[in-house]
**Q** 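If you scroll down you'll find the structure; I have some questions about it.
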Amino acid sequence: MSEFAVRLQGIGKKYKMFAHRRDHLLDTFGVNRLVPWLQVPHREFWALRGIDLELQKGQRIGIIGRNGAGKTTLLKLITGNIAPSEGKVDVAGQVHALLDVGGGFHPEFTGRENVRFALTYQGLSKREIKVAEDDIAQFTDLGDFLDQPFKTYSLGMRARLTFGCATAITPEVLIVDEVLGAGDAAFYARSTDRMRELMNDGATVLLVSHALEQVQRFCDESIWLEHGEIVMRGATSEVVKGYEKFTRDLDEKWLQEQKNQGRPSAEDGIVGNLSATSISEWTDLPGLRIKAVAVQDGHGNPRAVFRVGEAFRVRVKVLADQEGLFPVTPVAQIFRPDGLIVTRHLGALQMIQAERGDEIEAELDLGPLQLGNGDYLLSIGMWAHVDPRHIEPSSYYHHLDRSFRFRVGGNPPMNDELFVHPGAWRLLSEHGATVESRQAKTSKLQ
């Protein structure tokens, strides 16, 4: 029988919610214990309740769920950062936790000094610290910055050092909470390799991430938390599938509620899958204004969530607020949330003769969607002139910058590329004969 690494029995965590800061202070100082008849008004909030969970040594478990589902609270209970309100937590072995970037590092000390203190705290000898320090320096690739104060580090640099210290030796239980998403592409590749090494060495891993492709890459089994309870536990592919359907249904419900509440629709105002409470718009030349935007599937239904291979269309209504002859170039851009532009689509320049009050419609058809899993932001603009080589000569009537959000899912595990580009391999035999081999990923989309 396998030995357990983490065991939770009937775990619950309760917080008190106060309407006023004064009440919070009175409770903190234990006024109700000093004056029993004085009850400080509050309401109870259970961040977790009824959690029974056992992880065997060497298991790799993913924890997914929306913000506020209780994921971080669960990890803090396992690390002992907070105590449960009810139930029992048993952890067998040493736990290394990455719950925040730079947690536990002194801002005034250099990176190297923080490394030495962290390794000393882990109980390493001077000889072991020297070996681990050299490994961390090579892994983080911080160069001279390793001897600079930690407070001068960027978020990505802090992530490198935090992760490097926690994984310099193989922990018995490693807990990672979103840290892998804080660095650059090079750090992500190195940290991925390091995670695999730790897993091969037998470390028990708990990974919390909103990036479902990370969970699918590292974890054989996953847990889905919602409102402090375990909704589903099982094979990662099945849990992710259930969670994606749940979030997709929520997004579609949200879209319908906006329509039912009398918000502007694609027929009477600017709408779409709004990324914020207000549209980010640029206006320059007079004459044309975007009246409505709708992100739709192939049947013309408004959508916020798409699966790879589904039809994706954007419909735009433009209102002429004065008479004239207008040169028009429709522009669409798709961005990742971190600002990286994924693709840009410029329509052909057309001359539009319009009377005041006329409506002009435009449609962008991307065909079968081939983006990778994740969230994206869409910009839509009506431009008079676009010079792809120089932005300054360009001019526009109305541009809605990154104002519409949509999500893509459905790519299989281990396919976490940003874009699935069609292509074909040609295999050459020893005698020069050729064999056509279509790229495997293309067939998966069918």
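Below, all heavy atoms of this structure are taken into account, side chains as well, without hydrogens, waters or symmetry copies. Nothing fancy with the numbering, it's 1 onward along the sequence.
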**Q** Using a 4.5 Å cut-off on heavy atoms from C-beta on, say whether the side chain of Ile175 contacts that of Ile78.
**A**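 Side-chain contact under 4.5 Å: yes.
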**Q** Where the side chain of Thr236 meets the backbone of Cys219, is there a donor-acceptor pair that is under 3.5 Å apart?
**A**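 Here the side-chain-to-backbone pair exists.
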**Q** When you look at Phe163 and Thr140, which way does the side-chain contact (heavy atoms from CB on, under 4.5 Å) test go after all the steps?
**A** CA-CA 9 Å; Phe163 188 87; Thr140 59; over 6 Å; no
**Q** List the residues meeting ring-ring contact (aromatic ring centres under 6.0 Å, His included) with Tyr153, not counting sequence neighbours, and say none if there are none.
**A**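 ring-ring contact (aromatic ring centres under 6.0 Å, His included) check on Tyr153 returns Phe150.
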**Q** Do any N or O atoms from the side chain of Ser379 and from the backbone of Arg402 form a donor-acceptor pair under 3.5 angstrom?
**A**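 Checking the backbone N and O of Arg402 against the side chain of Ser379, a donor-acceptor pair under 3.5 Å is found.
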**Q** Please answer whether the main-chain N or O of His398 pairs with a side-chain N or O of Thr283 as donor and acceptor at a distance below 3.5 Å.
**A**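 Answer holds: no.
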**Q** Does the distance from a Lys or Arg side-chain N to an Asp or Glu carboxylate O, for Arg60 and Glu221, drop under 4.0 Å?
**A**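 So Arg60 does not pair with Glu221 through a salt bridge.
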**Q** Regarding Trp383 and His399, is there a side-chain donor-to-acceptor distance under 3.5 Å anywhere?
**A**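 Checked: Trp383/His399 side chains pair up, N/O donor to acceptor below 3.5 Å.
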**Q** Counting heavy atoms not belonging to Gln138, are there more than 12 under 6.0 Å from its CD?
**A**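 No, not enclosed.
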**Q** CZ of Phe312: more than 12 outside heavy atoms within 6.0 angstrom?
**A**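 Check passes, neighbour count above 12.
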**Q** Treating Asp297 as the side-chain partner and Gly300 as the backbone partner, does any N or O pair qualify as donor plus acceptor under 3.5 Å?
**A**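 Such a contact is found between Asp297 side chain and Gly300 backbone.
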**Q** Decide if the gap between the ring center of Phe117 and the ring center of Phe105 is smaller than 6.0 angstrom.
**A**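 Aromatic pair excluded; centres sit 6.0 Å or further apart.
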**Q** Do the ring planes of Tyr243 and Trp224 sit parallel (below 30°), tilted (30 to 60°) or perpendicular (above 60°)?
**A**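 Answer is perpendicular, since the angle exceeds 60°.
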**Q** Do Ile11 and Asp52 touch side chain to side chain, with heavy atoms closer than 4.5 Å?
**A**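 The answer is no; the side chains never approach within 4.5 Å.
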**Q** Which one of Lys13, Glu86, Lys14, His227 satisfies the side chain to side chain contact (heavy atoms under 4.5 Å, CB included) criterion with Arg49?
**A**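 It is Glu86; the other options fail the test.
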**Q** Please check this pair: side chain of Asn114 against backbone of His106, looking for a donor-acceptor N/O pair closer than 3.5 Å.
**A**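 Pair found, side chain donor or acceptor close to backbone of His106.
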**Q** Sub-3.5 Å donor-acceptor pair from the side chain of Glu238 to the main-chain atoms of Ala235, do we have one?
**A**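 Flag not set: sc Glu238 to bb Ala235 has no pair under 3.5 Å.
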**Q** Which one of Asp365, Ile380, Leu366 satisfies the side chain to side chain contact (heavy atoms under 4.5 Å, CB included) criterion with Val314?
**A**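 In the set Asp365, Ile380, Leu366, the residue that makes a side chain to side chain contact (heavy atoms under 4.5 Å, CB included) with Val314 is Ile380.
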**Q** Measuring centre to centre across the rings, with the benzene-like ring taken for any Trp, is Phe335 within less than 6.0 Å of Tyr376?
**A**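 No, ring centres 6.0 Å or more apart.
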**Q** Give a yes or no on whether the backbone of Lys241 and the side-chain of Glu244 come within a donor-acceptor separation of less than 3.5 Å.
**A**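 It does not hold such a pair.
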**Q** Determine yes or no for a side-chain-to-main-chain donor-acceptor pair under 3.5 angstrom, with Glu229 supplying the side chain and Glu226 the backbone.
**A**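 Not a single qualifying donor-acceptor pair exists.
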**Q** Does NZ or CZ of Arg303 fall inside the cone over Phe306's six-membered ring, less than 6.0 Å from its centre and within 45° of the axis?
**A**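 Yes, a cation-pi geometry holds between Arg303 and Phe306.
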